[in-house]
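Below: the structure, in C-alpha cells.
Because only heavy atoms are used, hydrogens play no part in the values below, and waters and symmetry mates are left out as well, while side chains stay in. Start at 1 with the first residue, then count along the sequence.
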Amino acid sequence: MSVIEVKNLCKTFKVKKKEKGLKGSLKSLWKPKYKKIEAVQDISFSVEKGEMIAFIGPNGAGKSTTIKMLTGILYPDSGDISILGFDPKKERKNLAYEIGTVFGQKEQLWTHLTPYDNFKFFGAIYDIPEQAVEKKIEELKGLFELEDFINTPVRNLSLGQRIRCEIVASLIHNPKILFLDEPTIGLDPVVKENIRSLIKRMNKEYKTTVFLTSHDVGDIEKLCKRVVIVNHGKLVLDDSMENLKYHYLNKKIVEAKMKEKVNLEGEDGISILKDKGYNLKIEVDTKKKSVADALKLLNPDNIVDINISNIPLEDIISDIYQGEEK
C-alpha cells in the first residue's frame with residue numbers, strides 16, 4: 001500500500017536578478033528584473049508503507065523543495081500529492097498529526113528544558129492524553145537509550161544525544177511517516193552508527209515509513225533499500241540499492257603489492273589508477289575483463305599482498321550526477 005503518491009510535481013521560483021555594485025542594487029530596487037528557476041520538474045514516485053527510501057541529489061537538485069511540498073510547507077505549481085490520503089496543500093493541519101520531521105541542522109527542542117519536559121510539551125501540542133504520553137516516553141526512552149540524560153537540560157547534551165532526543169520528540173504522536181533530513185550530520189563515526197541502528201530498530205518495531213535525505217553515503221547504504229536520485233529538479237534514477245550496485249558495480253579496484261614490476265599499460269578493460277613500482281592500483285571493468293584474468297596478468301606467484309574491493313557507492317552516485325549534467 002502506497003503512503004506517498006507524487007504525480008507530475010512541478011515548482012518554479014521567481015528570483016530577482018541583481019547587477020554588481022551599488023548602482024546595480026539601486027537599479028534592482030526601481031526596475032527589478034526576474035528570472036525563473038525550475039526547482040522541481042515533473043517528478044513522479046510512490047513510497048510503500050514501512051519502506052525506508054533515500055531521496056538524494058547534489059545541492060540545488062530540488063530535494064528540500066520537494067520535501068517542503070510533501071509536508072505542506074510549500075504549494076506546488078502543478079501536479080498531485082497524496083500523503084496517507086491527505087492533500088498537503090489543503091489538509092496540512094490534519095497531515096501534521098500523521099507525520100514527523102527531524103532536521104539535523106535545525107533544533108525543534110527547547111534547549112533550556114530537559115528531554116522529558118520537551119516530550120511532555122510535544123504530547124500536549126498533539127492533544128495526547130497525559131497517561132498515553134507517559135507510556136510512550138517510557139517506551140521510547142528504552143528503545144533510544146535515553147535513561148542517563150532524559151532529565152538533563154538539552155543545552156548540556158552532546159550532539160549525538162540531542163539527535164536521539166530530536167527523533168524521539170518526532171515520534172511522540174506515533175507518526176506513520178518520518179522525514180529525516182541529514183539526521184547524522186556533524187556526528188562522529190561511532191555515534192553515526194548508533195543513530196543508524198536506532199533508526200533501523202524504530203522502523204522494524206513501529207513499521208514507520210522513513211523518507212531520508214542525506215549527503216552521507218553511509219546513511220544511504222546502511223539504512224535504505226531504495227534510492228531516488230534527483231538532479232536539476234528532475235528525477236534521474238529510482239531503483240533498489242541492490243539493482244544500483246548490480247548495474248553500476250561492474251568495476252573492481254585491485255590493489256597489489258608485488259615482487260617484480262608489471263606493465264599493464266594499454267591492457268583492455270584495465271585502467272591504471274596508481275603505479276609506484278612494486279605497488280599497483282588498477283580498476284578492472286568486469287564487462288571487458290574478469291578479475292581472474294586480471295590476476296593472471298599480475299601473476300599470482302608475483303603477488304605479495306592483494307586487496308580487491310568494489311567502487312565506493314559515493315563514486316557511483318557522483319558518476320550518475322555527472323552523467324546527467326553532460
Side-chain angles (χ1 to χ4, degrees), residues 3-4 47 49-54 67 71 83-84 93-188 190-214 216 218-219 222-224:
V3 292
I4 298 177
V47 180
K49 181 181 179 181
E51 194 173 3
M52 296 180 77
I53 177 175
I67 290 172
T71 53
I83 311 293
L84 297 164
K93 186 175 180 180
N94 291 333
L95 177 62
Y97 282 84
E98 304 295 338
I99 63 173
T101 57
V102 176
F103 296 96
Q105 301 182 70
K106 295 180 181 178
E107 294 182 352
Q108 64 177 333
L109 300 175
W110 293 85
T111 57
H112 64 286
L113 297 178
T114 65
Y116 173 81
D117 290 334
N118 270 286
F119 302 154
K120 293 280 285 186
F121 172 71
F122 280 99
I125 286 178
Y126 287 103
D127 303 317
I128 304 171
E130 188 170 342
Q131 191 173 354
V133 173
E134 289 288 350
K135 183 180 179 181
K136 192 66 178 178
I137 291 173
E138 193 64 28
E139 184 182 330
L140 292 169
K141 180 179 73 173
L143 179 65
F144 283 83
E145 302 169 358
L146 309 181
E147 293 91 343
D148 293 341
F149 52 86
I150 194 167
N151 291 310
T152 302
V154 172
R155 62 171 175 262
N156 296 331
L157 301 182
S158 68
L159 181 58
Q161 290 171 333
R162 182 181 67 76
I163 292 294
R164 272 192 268 171
C165 293
E166 292 277 358
I167 295 173
V168 169
S170 69
L171 295 173
I172 288 294
H173 60 296
N174 293 314
K176 296 181 178 67
I177 303 174
L178 185 60
F179 291 91
L180 296 174
D181 186 16
E182 301 281 1
T184 65
I185 190 168
L187 302 179
D188 66 61
V190 174
V191 178
K192 278 185 181 184
E193 279 302 318
N194 191 15
I195 295 294
R196 289 166 187 158
S197 297
L198 293 171
I199 292 171
K200 287 171 77 173
R201 283 178 61 191
M202 173 206 69
N203 171 256
K204 186 177 180 180
E205 299 252 346
Y206 301 113
K207 310 300 180 189
T208 308
T209 304
V210 177
F211 194 93
L212 169 75
T213 65
S214 180
D216 191 314
D219 290 346
K222 294 179 181 179
L223 289 176
C224 303

Exercise. Taking everything shown except Glu130 itself, do over 12 heavy atoms lie less than 6.0 Å from its CD?
Worked result: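 Open.
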
Distance from [X] atom [atom1] to [Y] atom [atom2], nearest 0.5 Å?
X	Y	atom1	atom2	value
Phe121	Tyr126	CZ	OH	10.5 Å
Ser158	Ile163	OG	CD1	9.5 Å
Met52	Lys222	CE	NZ	13.5 Å
Ile4	Glu51	CD1	CD	9.0 Å
Glu147	Lys141	CD	NZ	6.0 Å
Asn94	Leu84	CG	CG	11.5 Å

I'd like to know if the side chain of [X] and the backbone of [Y] have a donor-acceptor N/O pair within less than 3.5 Å.
X	Y	answer
Arg162	Leu157	no
Gln108	Glu166	yes
Arg164	Leu146	no

Legend entry - Exercise: do Asn174 and Tyr206 side chains pair donor with acceptor under 3.5 Å: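 Result is no, nothing qualifies.
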
For Asp181 and Thr213, test the side chains for any donor-to-acceptor distance below 3.5 angstrom and give the result as yes or no.
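Per modelled atom types, Asp181 and Thr213 side chains form a pair under 3.5 Å.
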
Item to complete: Using the side chain to side chain contact (heavy atoms under 4.5 Å, CB included) rule, take Phe144 and Met202 through it: C-alpha gap first, then chi angles, then the decisive distance, then the call.
Response: CA-CA 9 Å; Phe144 283 83; Met202 173 206 69; 4.1 Å; yes

Item to complete: Could you walk me through whether Val168 and Leu143 pass side chain to side chain contact (heavy atoms under 4.5 Å, CB included), step by step?
Response: CA-CA 9 Å; Val168 169; Leu143 179 65; over 6 Å; no

Which pair of non-hydrogen atoms, one from [X] and one from [Y], has the smallest distance, and what is that distance?
X	Y	result
Pro115	Thr152	CD-O, 2.8 Å
Ile53	Cys224	C-SG, 3.6 Å
Pro175	Thr208	O-CG2, 3.8 Å
Ser214	Asp216	OG-N, 2.9 Å
Val154	Thr114	CG2-C, 4.2 Å
Phe149	Cys165	CE1-SG, 3.7 Å

Under the side-chain contact (heavy atoms from CB on, under 4.5 Å) test against Phe179, which residue among Val102, Val210, Leu212, Thr101 passes?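 With Phe179 as partner, side-chain contact (heavy atoms from CB on, under 4.5 Å) holds for just one option, Thr101.
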
Of Ile199, Asn203, Leu198, which meets side-chain contact (heavy atoms from CB on, under 4.5 Å) against Arg201?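 One option only clears the test, and that one is Leu198.
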
Q. Would Glu138 and Lys135 pass as an ion pair if we require N to O under 4.0 Å?
A.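 Lys135 and Glu138: not salt-bridged.
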
Residue pair [X] / [Y], side-chain heavy-atom distance below 4.5 Å:
X	Y	result
Ile195	Ile167	yes
Ile67	Phe211	yes
Ile150	Phe119	yes
Leu223	Lys200	yes
Lys120	Leu113	no
Lys136	His173	no
Phe122	Leu109	yes

Worked verdict on Tyr97 versus Lys176 for side chain to side chain contact (heavy atoms under 4.5 Å, CB included)
CA-CA 9 Å; Tyr97 282 84; Lys176 296 181 178 67; over 6 Å; no

